[in-house]
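Below you'll find the structure, written out as structure tokens, and then a few comments.
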Amino acid sequence: MGSQFVDKDYLVRCSQKTLQTNEKGFFLQFANHVAEVAGKNWIKNVFGKLKTDRERIRIIFEYKPVKDAICETLLHVQEIYRKKSAEVSQKRRLQAEELLQKKEYAKALILGSQSILRAPPTGENPKIDDGFTLALSFWTRSKILMELKKYSWALQDVQAATKEGLPDNLKAEVFSRMAVCYKGMGEHNRAKISFALAERMLEGNTTELNKMQEYKATEYKEEKEIDRRVLPNVSGSPHKEFSSATEKISLKEEKGMGRYVVAKEEINTGDTIVVEPPYAACLLPDSFSTHCHHCFERLVAPVGCPDCSNIAFCKAECRDIAVSTYHKYECHFLDLLIGSGMSILCHTALRMITQNPLKKCLEACNNQSEEEIFKLCANSNLRPPEDFFQRSIMAIFLLRSLQKGGYFEDSEANENVVPNEEELCIGELLLFYLQMLQFNAHEIYETRHETTHRFRTAKNGYIAVGVYPTVALFNHDCYPAVTR
Ligand SMILES: [Zn+2]
Ligand SMILES: [Zn+2]
């Protein structure tokens, strides 16, 4: 979407939707209450006269009636998230095993995955499965994946189960499952070694050794999935200033139009104009159970966050990046954030903070003229005071979840809602991001095919939102000549 936005009426009507998407959420009620306390006059004549986001955030904690109304509610902000449950995990695993017996593998995979996502870390609940619920869930799912001929996924689960700790009597079967998986993946040497190890452990057990002979004689072949994630190159040479774009474009700037992209030379049908990673992107809550929280790939055999049961990852690598960066601050607050009814753009604003260390955000805040992201338009001169006020309250609500989520290391935030200097800076950034994202975020779609290679019946599924610094320079067009 472009940087131009002159229809002021439209701006007011649409703006509220970009903060709150769920009417039932508590945020709107909270914001309306604070606005009532502040009074129309104060919002219009005092708050409305302020020129910078810094002043807007600060005055909220300086004007006592507003400050008290905010603190009263935000003091009670607490963790709300979906916790692990060994009981539920065990139940799902047993259901998965039943379906496995009935050869209903697709259903079994769903329940097996749920059992993994709900399982607490190993040892946390010794009353159930002796504390090995997670290991046993991986173990069960590996068998399901083998039946589905997804041998490389199955191998990962066998390895995960072993890592979490399996009882000694399953050790021989670990090697025989690994052998079959390697064979299915075409890694015959590794398959041979694993078979040999299994056989050594089974010495004297004729029934099991016979089974092993059977496995060795059987052909296994992985059902190959198509790797859809191949990034194209931009057509022609890369642009000198915008390295993610083709040199076939150039950037113009005009009063009343802002910055916008035009074609510098002939662009042919099918040319690739920009290929760029998002500066920040967030998955829609509706897609939490079907797509990877980190890379938005569709889930096949998901792994979970070690702490919450809200989200899932396509593979361990995605999980490890997420839980060591942004997700550690968001984890315990996901249900609170979703329950507030806030829009995905608000979550993306929060992500723009949580994905970076505090130090980096503070630097960005102090060097706003240097940072590319701050050049994206926020239309602050067109925004009415009521909208600004509501957005500031959202920024402060998000700031509160950061305080409680441990983003600020030496914060007294648990006792004290009123932010210190560093926290005020982050509040200011959040307020800017909330404005900027309204005009610069893009929806992320996945193409859903009913059957393979049938493009005519393919549908676009809206799964996430992202902000792309170069793509954001393209003006919005209702009949665009480019596709995303
Ligand atoms: Zn992923
Ligand atoms: Zn989590």
Side-chain angles (χ1 to χ4, degrees), residues 77-86 88-89 109-110 113-122 124-125 133-134 137-138 141 145 150 152-153 155-157 159-160 164 225-231 277-340 342 344 347-348 350-351 353-355 398 401-407 444-448 461-466:
V77 161
Q78 53 181 339
E79 303 180 348
I80 311 178
Y81 66 103
R82 200 157 172 232
K83 295 194 172 71
K84 302 288 186 187
S85 162
V88 175
S89 172
L109 178 59
I110 293 170
S113 296
Q114 285 175 358
S115 133
I116 287 171
L117 297 175
R118 294 311 300 273
T122 302
E124 199 176 276
N125 187 347
T133 308
L134 183 57
S137 303
F138 275 120
R141 193 175 67 179
L145 289 162
K150 295 179 187 294
S152 33
W153 291 102
L155 181 67
Q156 285 181 27
D157 277 6
Q159 287 163 339
E164 296 300 329
E225 287 147 46
I226 322 146
D227 189 2
R228 293 171 295 144
R229 293 255 166 141
V230 187
L231 288 179
Y279 180 85
C282 271
L283 189 66
L284 287 176
D286 284 348
S287 304
F288 279 10
S289 59
T290 47
H291 291 76
C292 175
H293 199 69
H294 185 69
C295 74
F296 310 159
E297 185 64 273
R298 212 160 239 281
L299 300 170
V300 177
V303 292
C305 163
D307 213 351
C308 72
S309 306
N310 286 73
I311 57 169
F313 300 98
C314 70
K315 53 183 180 293
E317 288 89 332
C318 284
R319 175 197 62 202
D320 294 344
I321 299 171
V323 301
S324 63
T325 56
Y326 59 88
H327 185 65
K328 74 176 158 188
Y329 306 117
E330 297 176 14
C331 180
H332 289 190
F333 294 90
L334 273 177
D335 280 339
L336 176 80
L337 297 170
I338 296 168
S340 76
M342 73 177 200
I344 185 79
H347 195 175
T348 312
L350 182 72
R351 179 68 54 81
I353 304 290
T354 53
Q355 70 182 3
L398 295 175
S401 76
L402 288 171
Q403 287 178 327
K404 293 287 279 188
Y407 183 73
I444 297 174
Y445 295 99
E446 80 171 353
T447 314
R448 290 173 187 157
Y462 172 33
I463 57 164
V465 145

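Reckoned from all heavy atoms, side chains included, excluding hydrogens, waters and symmetry mates. Numbering of ligands and ligand atoms starts at 1, following listing order.
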Please work out which of the three classes, parallel, tilted or perpendicular, describes the rings of His294 and Tyr326, given edges at 30° and 60°. parallel
Parallel, tilted or perpendicular: which fits the ring planes of Tyr462 and Tyr445, with parallel below 30° and perpendicular above 60°? tilted
Exam field: side chain Arg141 to backbone Ala301, donor-acceptor pair closer than 3.5 Å: yes
I want to check a possible cation-pi pair here: Lys83 against Tyr81, using under 6.0 Å from ring centre and within 45° of the ring axis as the test. yes
So what does the Cys314 SG - the Zn ion (ligand 1) - Cys318 SG angle come to, to 10°? 110°
Angle in degrees, rounded to 10°, that SG of Cys295 and SG of Cys292 form at the Zn ion (ligand 1): 110°
Could you report the tightest heavy-atom contact between Leu337 and Ser340, atom names first, then the distance? O-OG, 2.6 Å
Are any of the side-chain heavy atoms of Gln355 and Tyr279 separated by less than 4.5 Å? yes
Does the side chain of Leu299 reach to within under 4.5 Å of the side chain of Cys292, using non-hydrogen atoms? yes
Using a distance threshold of 2.8 Å, what protein N/O/S atoms lie below it relative to the Zn ion (ligand 2)? Cys305 SG, Cys308 SG, His327 NE2, Cys331 SG
